[in-house]
Number of protein chains: 2
Amino acid sequence: MSEDVIADGTTKKANPCCAPPGDVDPDAIATDLQILTAMGNDTRYELLRRIANADDGVCVCDLEAAVGVSQSAVSQALSRLYTAGLVTRRKEGSWRYYELTDTTAALLETLDNLRDTHE
Amino acid sequence: MSEDVIADGTTKKANPCCAPPGDVDPDAIATDLQILTAMGNDTRYELLRRIANADDGVCVCDLEAAVGVSQSAVSQALSRLYTAGLVTRRKEGSWRYYELTDTTAALLETLDNLRDTHE
DNA sequence: ACAATATATTAGTAGTTGCTTGTATAAGCT
DNA sequence: AGCTTATACAAGCAACTACTAATATATTGT
């Protein structure tokens, strides 16, 4: 990398390649990464898309049929989505209904638009 | 899960929990997952943010200084971002300059907006 | 041609992830 | 109360990831 001053106090010409970029807010990193890593998995992404397709919440039982993993895996995936703030959940009788949060809806829409405009 | 018909031809009442959600386009899944998994990593996300902060492309040498991993790791991370379509790269002399694609700029902006509106 | 710098590639590896299987909890049914 | 269904939790493990270290390639300067 670029180096202006070396140990003995003499200087060397800095690399003229470019100006180093500014810093990044650490909180933004943490928040965004939680979202991105939660969405960035085959099972969880497909669950999100299927939840998005339903109008008024989906119960776990019908999600299980859709993705090709065990009941336990679906439960774990949904928990992760929940703690990442990507879905809400409410209990009704013995069923649990999952719905997208606004965050997720916005991100999925952005991804849709990008796919459309990019051909 | 819900079950209407069983093997011997008799029927059982389907679960009244909800209507099963529609299918998801497999191509959309593949494309989006490539983007999400490429962005969803500490090093690569920070590289993207730093590239976004610069006006006219950043060379690898100054990115190395910013994130806390080896030169090799930065090179590998940038390659991955490139093959995922998240950055462009051009060579100029012995330096390589990376810039965001529109896709990435749009996604980062969406993430910024979500953080702002969600407090 | 040789040395130095900038970046990429390869191989090996520690740590992480996402599953499965088994078990637990909770609600509804008889 | 017992049986069944819906969901969650825990332990174990195979597969994957992202790093480091070493080496290769390309460009520039002497």
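Chain letters run A, B, ... following the sequence lines, proteins first, then strands; residues in each count from 1. Since this is a predicted model, take the numbers as computed values, not measurements. Hydrogens, waters and symmetry mates play no part in the numbers below; they use all other heavy atoms, side chains included.
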Peer 1: If you check the Ala73(A) side chain, which of dA21(D), dT20(C), dT7(D) turns out closest?
Peer 2: dT20(C)
Peer 1: Counting heavy atoms from C-beta on, name the nucleotide in dA6(D), dT28(D), dT7(C) closest to the side chain of Ser94(B).
Peer 2: dT28(D)
Peer 1: Can you name the nearest heavy-atom pair linking Ala38(A) to Arg80(A), along with the distance?
Peer 2: N-NH2, 3.9 Å
Peer 1: Does Gln76(B) make a side-chain donor-acceptor contact with the base of dT17(D), cut-off 3.5 Å?
Peer 2: no
Peer 1: Mind calculating the distance between CH2 (Trp95(B)) and P (dT25(D)) to the nearest angstrom?
Peer 2: 23 Å
Peer 1: What is the separation between atom NZ on Lys91(A) and atom P on dA26(C), rounded to the nearest whole Å?
Peer 2: 8 Å
Peer 1: Using a cut-off of strictly less than 4.0 Å, decide whether Arg96(A) has a side-chain nitrogen or oxygen near OP1 or OP2 of dA6(D).
Peer 2: no
Peer 1: Expressed as a whole number of angstroms, how long is the span from Glu64(A):CD to dT20(C):P?
Peer 2: 11 Å
Peer 1: For dA18(D), take OP1 and OP2 only and decide whether either is under 4.0 Å from a side-chain N or O of Arg80(B).
Peer 2: yes
Peer 1: Between Asp25(A) and Arg49(B), does any NZ, NE, NH1 or NH2 come within less than 4.0 Å of an OD or OE carboxylate oxygen?
Peer 2: no
Peer 1: Does dT7(D) have its OP1 or OP2 closer than 4.0 Å to a side-chain nitrogen or oxygen of Arg89(A)?
Peer 2: no
Peer 1: Please pick, from dT28(D), dT7(D), dT20(C), the nucleotide with the shortest atom-to-atom distance to any side-chain atom of Val69(A).
Peer 2: dT20(C)
Peer 1: Does one side chain, of Thr101(A) or Thr104(A), offer a donor that lies under 3.5 Å from an acceptor on the other?
Peer 2: yes
Peer 1: Gln71(A) CD to dT25(C) P: how many Å, rounded?
Peer 2: 15 Å
Peer 1: Heavy atoms only, 4.0 Å cut-off, all strands: where does Asp42(A) land among base, sugar-phosphate and nothing?
Peer 2: nothing
Peer 1: Are Glu99(B) and Arg90(B) close enough for a salt bridge, meaning some N to O gap below 4.0 Å?
Peer 2: yes
Peer 1: Considering every strand and a 4.0 Å limit on heavy-atom distances, what is the contact class for Tyr82(B): base, sugar-phosphate, or nothing?
Peer 2: nothing
Peer 1: Between dT9(C), dT7(D), dT27(D), which one does the side chain of Ser72(B) approach most closely?
Peer 2: dT9(C)
Peer 1: Of the options dG28(C), dA8(C), dT7(D), whose atoms approach the side-chain atoms of Ser75(B) most closely?
Peer 2: dA8(C)
Peer 1: From CG of Asp62(A) over to P of dA6(D), roughly how many Å is that when rounded to an integer?
Peer 2: 10 Å
Peer 1: So if I apply the side-chain contact (heavy atoms from CB on, under 4.5 Å) rule between Glu64(B) and each of Val67(B), Val60(B), Asp62(B), which one comes out positive?
Peer 2: Val60(B)
Peer 1: Of all the nucleotides listed (dT7(D), dT7(C), dC19(D)), which has the minimum atom distance to the side chain of Cys61(B)?
Peer 2: dT7(C)
